[in-house]
There are 2 protein chains.
Amino acid sequence: MSTTGRGLHGQVLETLGPAITAGEYPPGSVLRTDELAQRFDVSRSVMREAVRVLESMHLVESRRRVGVTVRPKAEWNVYDPQVIRWRLAGADRPQQLRSLTMLRSAIEPAAAGLAAKYATAEQCAELTECALGMVAHSRGHQLEGYLVHDIAFHRVILNASGNEMFARLGDVVAEVLAGRTHHEVMFEDPDPAAVTLHVQVAEAVRAGDAVRAEHLTREITMGALQELDILAP
Amino acid sequence: MSTTGRGLHGQVLETLGPAITAGEYPPGSVLRTDELAQRFDVSRSVMREAVRVLESMHLVESRRRVGVTVRPKAEWNVYDPQVIRWRLAGADRPQQLRSLTMLRSAIEPAAAGLAAKYATAEQCAELTECALGMVAHSRGHQLEGYLVHDIAFHRVILNASGNEMFARLGDVVAEVLAGRTHHEVMFEDPDPAAVTLHVQVAEAVRAGDAVRAEHLTREITMGALQELDILAP
DNA sequence: CGCGATCAAAAAGTCAGACTTATATGTCAC
DNA sequence: GTGACATATAAGTCTGACTTTTTGATCGCG
């Protein structure tokens, strides 16, 4: 799943990135390239490449005569999938999941509305297939199978919206859904009402009913938000 | 405003990045690091750093024995501010503005609703100040002054939402608003109805009326969408 | 004729060392 | 105290040699 450290600089990033996003080096901290290179036992060129990547994510800023300084959290590129993964793996995972769920709640209804207008016949077919898959795995502790279809469902919606910005959130949504199933322990079967809503969304999209698709999807994401509030109010 | 090419690798990126995002090198194109280094007259180390940054944006993929291949558009990190800037400067600026305006329409109402719940007294003050500034510059071809306050207004809303993901879209919104004023030529004064809506949003946020703030903001962004439809249906 | 193993070339990846440049900071005269 | 100047520091750059992975071609065998 996770990109297994492409090259040496990638391996360095895999430990340095999470360390920074976890706040292990507080904002304003100063790192020196040479010291880091020694610490990770790589050449300076490799370390420089790693720093460049961190810099492009706005996690750090490299300045002459001073070093590599960690930037304040507010400046990070929090939409970078890599940064999201690092943060989800770290300590503030709950807060991160909260932010992402809100983002999801804002985007997905709009995406569903657009999908109702622009979805191809093939996408409609996929959608109903996913919904049926969810129904089939909704009872009897088949959580993994349910999750797969749930993720696929929301991915299709986002792609069918025709908006590239929405489409690129597919990975984020997948991460959130997976996180809910895996981390926050779910013993019980999914809420039957949610399953029904998914089926209805698929119908609405097929029927080209934008407002209905949007409204139903909003109910789904509102449910996700309430779920969070119950877990961590 | 724009980051003036920090270092040599930055200067390389400033021409290579826009070239790639403009589709000058179609997906699947293969570049060789050494050749690029020669072309830009920089050392291989510098070019490698530039490639690493492009790679972190998922614009290209570097593989041994094959070279640096351009990835399909669908895989780009379209939320990276740098990528957004490059694309806005390029040929598909209209489509990009469209995508971003839709994104805005989805996010800002939700952000306004949250702002009504969480905005501090100081933020409320800023908000009304911005709204008044918009009113003051709404007549008599003071478009630049109007723009400044408009941008500030939406930035405050996004920050006051308390959601870091929303807050980070401040730059995007600023870019969209500025693009509308500058590129799509606006001769006339802004729509009085829009100005009024901003004032009302400020009021609603101060009053803590989340649903009203959300609804009013949705009207604002709907207006922006309709504006786009008129310009490019 | 097809198919798998082997081999060579190509390009990225890595490293080490020398050198350049910007800049923060301390020093000194005034 | 303030300004100009000197110095040290860490990033930035370049070069050349070497390593590693991977592709695709060649060759032998069934």
Side-chain angles (χ1 to χ4, degrees), chain A residues 2-17 19-20 24-72 75-76 82, chain B residues 2-17 19-20 25-72 75-77 82:
Chain A
S2 70
T3 324
T4 36
R6 302 289 291 179
L8 264 190
H9 86 281
Q11 293 176 30
V12 170
L13 281 174
E14 266 179 17
T15 75
L16 196 52
I20 293 176
E24 207 164 307
Y25 305 92
S29 306
V30 176
L31 311 170
R32 273 163 303 146
T33 311
D34 293 21
E35 189 212 327
L36 289 174
Q38 277 191 16
R39 177 132 55 98
F40 288 99
D41 193 38
V42 295
S43 68
R44 288 187 311 130
S45 352
V46 167
M47 184 49 77
R48 285 182 56 74
E49 290 172 24
V51 168
R52 285 283 174 257
V53 173
L54 293 175
E55 205 177 21
S56 88
M57 296 167 173
H58 277 68
L59 294 183
V60 302
E61 186 183 4
S62 179
R63 277 167 56 198
R64 273 183 150 127
R65 173 64 210 302
V66 61
V68 178
T69 64
V70 178
R71 304 183 91 161
E75 296 176 9
W76 296 351
Q82 186 105 79
Chain B
S2 72
T3 324
T4 37
R6 301 290 292 178
L8 264 189
H9 86 280
Q11 294 176 31
V12 170
L13 282 174
E14 266 180 15
T15 75
L16 196 51
I20 293 175
Y25 305 93
S29 305
V30 176
L31 311 171
R32 271 162 303 145
T33 311
D34 291 20
E35 188 212 328
L36 289 175
Q38 278 190 15
R39 177 133 54 97
F40 288 99
D41 194 38
V42 294
S43 67
R44 293 202 317 282
S45 354
V46 168
M47 183 51 77
R48 285 181 56 74
E49 290 173 23
V51 168
R52 285 282 174 258
V53 173
L54 293 175
E55 205 177 21
S56 88
M57 297 168 172
H58 278 67
L59 294 183
V60 302
E61 186 182 4
S62 181
R63 277 167 54 199
R64 275 182 149 124
R65 169 51 206 243
V66 58
V68 178
T69 62
V70 178
R71 304 183 93 162
E75 296 176 9
W76 297 350
N77 278 1
Q82 186 105 76

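So you know, we letter chains A, B, ... as the sequences are listed, proteins then strands, and number each from 1.
- One finds no side-chain N or O of A/R44 lying less than 4.0 angstrom from the OP1 or OP2 phosphate oxygen of C/dC15.
- The phosphate of D/dA11 (OP1 or OP2) has a side-chain N or O of A/T33 nearer than 4.0 angstrom.
- If you take CZ of A/R65 and P of C/dT23, they are 12 Å apart, rounded to a whole angstrom.
- Within the structure, a side-chain polar atom (N or O) of B/R52 is placed less than 4.0 Å from OP1 or OP2 of C/dG13.
- Under a 4.0 Å N-O distance rule, the pair A/E49/A/R52 does not qualify as a salt bridge.
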Practice problem: Go through A/M47 and A/Q38 one step at a time and tell me if the side chain to side chain contact (heavy atoms under 4.5 Å, CB included) criterion holds. | Solution: CA-CA 9 Å; A/M47 184 49 77; A/Q38 277 191 16; over 6 Å; no
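- Note: CG (B/D41) to P (D/dC14) measures 8 Å, nearest angstrom.
- The side chain of B/R64 contributes no N or O atom lying less than 4.0 Å from OP1 or OP2 of D/dT19.
- In this structure the side chain of A/F40 reaches within 4.5 angstrom of the side chain of A/T15, judged on heavy atoms.
- For the pair B/R63 and D/dT23, the criterion of a side-chain N or O lying under 4.0 Å from OP1 or OP2 is met.
- One atom, CE of B/M47, and another, P of C/dA12, lie 11 Å apart when rounded to the nearest Å.
- Nucleic acid contact for B/S62: sugar-phosphate only, since backbone atoms but no base atoms lie under 4.0 Å from a heavy atom of the residue.
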